[in-house]
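Right, one structure below, let's go through it.
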Amino acid sequence: MPRPIQAHIDLSALKNNLRVVRRLTSSRIMAVIKANAYGHGLMRAAAALDEAEGLALLDIQDAISLRDTGNRQTILLLEGFFAPQDLPLIAEYDLASVIHNTQQLDWLDAYPRKHALQVWLKVNSGMNRLGFLPQEVPAVMERLKSHRAVREVVLMTHFSHADEAEGIASQLERFSGLSSAYRAPRSLANSAALLRYPAAHGEWVRPGIMLYGASPFVDMSAQQIGLQPVMTLTSEIISVREIGSGEQVGYAGLFRADQATRIGVVACGYADGYPRHAPTGTPILVNGQRTRTLGRVSMDMIGVDLSDIKDAQVGSRVTLWGEGMPVEEVAHAAGTISYELLCALTARVPVRY
Ligand SMILES: *Cc1c(COP(=O)(O)O)cnc(C)c1O
């Protein structure tokens with residue numbers, strides 16, 4: 001028998017979550033499937049998201065694979081092209097491309113084919129990661145509008161605080177002030193902005209994490225939004241023992257029992273993508289009951305507290321995250337975000353759809 005760890009991907013949940021997005025907006029939906037669809041499998045996720053108007057990712061080879069299997073949606077390259085030789089491929093496969101710097105503009109100038117490209121012009125409205133400053137945009141827009149190779153321009157920006165109290169006001173104001181001068185379609189909202197700021201929906205929304213069934217907010221659960229978890233990571237207990245008061249568990253003895261404790265060992269570790277920084281007390285399900293991890297996460301195993309789960313034994317089912325155990329909670333306990341856990345699932349974990 002193979003090692004009992006497994007990731008179950010529920011594609012009907014993915015479809016449900018897309019319908020949740022659809023009910024929240026009348027904008028076109030650019031479903032973000034970067035990072036192997038946040039760890040869920042690019043091709044399968046893309047197929048399940050066929051009702052979205054577009055798909056956004058980073059790697060041109062992934063975009064070409066989608067086209068080669070018959071995909072007809074708008075496909076957007078979120079970081080654009082990385083070399084001038086990408087441009088003929090972008091045209092041939094009818095991909096849309098972000099342009100965020102002058103290097104890309106210069107490469108574009110040297111590309112001759114007429115009306116070949118749909119460009120998403122990225123505006124740096126305050127994130128200071130990618131994009132042109134608002135004051136640079138009018139000149140860039142002129143350059144693109146008169147460019148022989150450019151068929152359509154979409155104006156886009158990305159928010160730094162859509163999931164936090166600070167919100168999007170100053171970035172939205174900067175972007176709106178500038179985009180209102182053009183008839184170009186606009187795209188601003190990630191999942192958090194889509195959920196919290198209808199004024200920022202524009203013509204295209206760009207949900208990622210919520211499609212995979214996780215909430216982008218600490219103060220609102222996925223369930224409250226109507227989202228269903230898509231990935232459920234399960235394994236089994238492979239060892240059970242009683243330890244006495246004062247005995248320790250795992251590397252560096254990070255957990256020390258202050259009373260007799262029944263512990264289990266789960267076949268899941270950081271080499272599977274479980275966060276090594278998850279401390280003692282990180283929530284986990286055994287036989288459908290909530291308990292806590294104990295001690296340091298090792299490469300292939302984690303300790304769990306079975307003191308209150310009397311029927312737990314070798315072979316008992318464990319849910320690391322997903323159905324019944326929100327990935328956001330596990331991420332929060334480990335000092336990270338759901339995105340990182342989902343993307344970090346490693347290649348050795350068998351995936352079942
Ligand atoms: C990843 C990404 C998104 C999706 O963000 P979520 O928070 O996962 O909804 C949207 N837009 C851009 C530019 C991105 O890079």
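When a ligand or atom number is given, it counts from 1 through the structure's own listing order. Scope of the values below: all heavy atoms of this structure, side chains included, with no hydrogens, waters or symmetry mates.
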query = Using 4.0 Å as the upper bound for N to carboxylate O, is an ion pair formed by R3 and D272?
reply = yes
task = Check the pair R206, S187 against side-chain hydrogen bond (donor to acceptor under 3.5 Å, both in side chains), reporting the backbone distance first and the verdict last.
result = CA-CA 7 Å; R206 304 190 307 270; S187 177; 2.9 Å; yes
task = Determine, for Y93 and R67, whether the Lys NZ or Arg CZ falls below 6.0 Å from the six-membered ring centre while staying within 45 degrees of the axis.
result = no
request  = Go through the steps to decide whether L105 and D109 satisfy the test side chain to side chain contact (heavy atoms under 4.5 Å, CB included), and finish with yes or no.
outcome  = CA-CA 6 Å; L105 274 180; D109 277 345; 5.5 Å; no
task = Kindly assign one of parallel, tilted or perpendicular to the pair Y339 and Y38, based on the angle between their ring planes and the thresholds 30° and 60°.
result = tilted
key: Residues in the immediate environment of ligand 1 (any heavy atom closer than 4.0 angstrom)   = V32, K34, Y38, L78, K122, H158, N190, S191, R206, P207, G208, I209, Y339
task = Determine whether the aromatic ring centres of F132 and H100 lie less than 6.0 Å apart.
result = no
